[in-house]
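For the numbers below, each heavy atom of this structure counts, side chains included, while hydrogens, waters and symmetry mates do not.
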Amino acid sequence: MHKDLVASGFAALERAMALEEALSKPQTKIVDLTPKLNREKWERENRWTLSKDDLEAIADDIWKRKEAGQPRVERAKGSAPRPPKVTYEAKEAIREIRTSLISIDNKIRWLSEPALKGVAFEANENAKIESDAPLWRGIAEAPDRYHEIQVRRRTGRGVWYAHVEILQWDAVQRTGEAIASFSEHCDTKAKAEEGARRLLTENAKYFTAETSVHTEVLCELEWDEEAAASPSLAVVE
């Protein structure tokens, strides 16, 4: 919700500036309606104009002129099992496992395509004979995925995404937080690169001493991982 509000604020500022710039230009026979149409589109998406019935309902509630209708409340029923209590011992185990997984990922991520295929093969072979077979099968999936990402980056195959993030930096804590993001779904890698350049140009004005504009092009596999980490990402088709 916070990211959506920030993005809406950026959009409002951008459209207001564009409209002001258009109105300040000398009058000619050719009129560019784009800023005005963009402003109207933003208002339709971000503003709610109250109807007469809405205003009367609000007044009735404030002045207690009518009893507000009570919504019907239904008990939600679900079949999901109650999650177990995560003990301190379990949390410590997860912390140590996460550290090990980061180390394994760093070992695999930067390998070449032939090396990734070799690691995946050896991991699957170990899964057939080792007592910790489930762990080896999990390890085998990682190089397969990174190998496919490298193939897509080399060939441009599949769906691609242009992505721009506005990062707010804390100089004291030396940390950064994404405060807004803009993305486009593209049919080809070339179109995603073109879209990323355009998004970078459109949002370069948000660069300051405290913010930065980060641009990247992601294949579908990378985007799925990015979207899972940031569920609020919005994509422009």
Side-chain angles (χ1 to χ4, degrees), residues 1-25 30-48 105 109-110 113 145-171 173-237:
M1 186 180 297
H2 171 70
K3 289 182 179 179
D4 288 343
L5 288 173
V6 172
S8 178
F10 275 132
L13 177 63
E14 180 180 4
R15 281 154 181 64
M17 293 171 60
L19 182 58
E20 183 180 354
E21 181 182 354
L23 293 174
S24 65
K25 291 181 179 179
I30 300 175
V31 179
D32 183 6
L33 296 177
T34 302
K36 184 175 183 294
L37 294 175
N38 286 339
R39 178 66 183 180
E40 291 176 353
K41 179 176 181 293
W42 181 90
E43 289 181 349
R44 287 196 303 271
E45 295 174 348
N46 295 275
R47 286 187 174 177
W48 173 32
D105 185 76
R109 180 186 293 266
W110 310 112
E113 288 184 40
R145 177 177 173 280
Y146 285 131
H147 178 266
E148 180 61 23
I149 288 174
Q150 288 193 21
V151 169
R152 293 196 184 192
R153 286 200 162 275
R154 175 168 50 81
T155 63
R157 188 177 67 200
V159 174
W160 291 81
Y161 292 85
H163 181 60
V164 167
E165 275 191 337
I166 313 299
L167 300 174
Q168 180 79 45
W169 295 97
D170 187 324
Q173 299 294 330
R174 297 183 181 276
T175 57
E177 177 188 6
I179 59 173
S181 61
F182 310 90
S183 303
E184 285 188 8
H185 172 281
C186 303
D187 297 331
T188 66
K189 183 180 179 182
K191 288 182 180 179
E193 290 173 344
E194 180 182 346
R197 286 192 292 268
R198 186 180 66 259
L199 288 174
L200 177 60
T201 301
E202 293 173 354
N203 295 283
K205 58 181 172 290
Y206 299 127
F207 174 81
T208 67
E210 289 75 33
T211 61
S212 62
V213 182
H214 177 66
T215 310
E216 57 185 343
V217 170
L218 304 171
C219 72
E220 189 173 13
L221 293 176
E222 296 169 298
W223 176 257
D224 288 343
E225 182 180 73
E226 186 84 11
S230 304
S232 62
L233 284 179
V235 182
V236 178
E237 298 290 344

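Distance check: Glu177 CD to Ile179 CD1 gives 8.0 Å after rounding to the nearest 0.5 Å. Taking CG of Leu199 as the start and CD of Glu184 as the end, the distance is 4.5 Å to the nearest 0.5 Å. Interatomic distance, Ile166 CD1 to Asn203 CG, rounded to the nearest 0.5 Å: 4.5 Å.
Glu113 pairs by the salt bridge (Lys or Arg N to Asp or Glu O under 4.0 Å) definition with Arg154, not counting sequence neighbours. Annotation: salt bridge (Lys or Arg N to Asp or Glu O under 4.0 Å) contacts of Arg197 (sequence neighbours excluded): none. Here Thr201 pairs with nothing under the side chain to side chain donor-acceptor pair (under 3.5 Å) rule; sequence neighbours left out. Residues meeting the salt bridge (Lys or Arg N to Asp or Glu O under 4.0 Å) test with Glu220, sequence neighbours left out: Arg152. Taking Thr211 as the reference, Thr208 meet the side chain to side chain donor-acceptor pair (under 3.5 Å) condition, with sequence neighbours excluded.
Residue Arg153 comes nearest to Leu218 through the heavy atom pair NH2-CA, 4.1 Å, listed as atom of the first residue, atom of the second, then distance. Of all heavy-atom pairs between Phe207 and Ser212, the closest is CD1-CA, 3.9 Å. Val151 and Arg157 make their closest contact through CG1-NH2, 3.7 Å (heavy atoms, listed as atom of the first residue, atom of the second, distance). Contact between Val164 and Ala196 at its shortest, heavy atoms only, is CG2-O, 4.3 Å. When all heavy atoms of Arg109 and Tyr146 are compared, the pair lying nearest together is NH2-OH, 3.1 Å. Closest approach of Ala162 to Gly195, counting heavy atoms only: CB-C, 3.8 Å.
Between Trp223 and His163, the ring planes lie perpendicular to each other; the angle is over 60°, past the 30° to 60° tilted range.
Within the 3.5 Å criterion, the main-chain N or O of Cys219 finds a donor-acceptor partner in the side chain of Glu222.
Summarising the local packing, CD of Glu194 is surrounded by 12 or fewer heavy atoms from other residues, nucleotides or ligands at distances under 6.0 Å.
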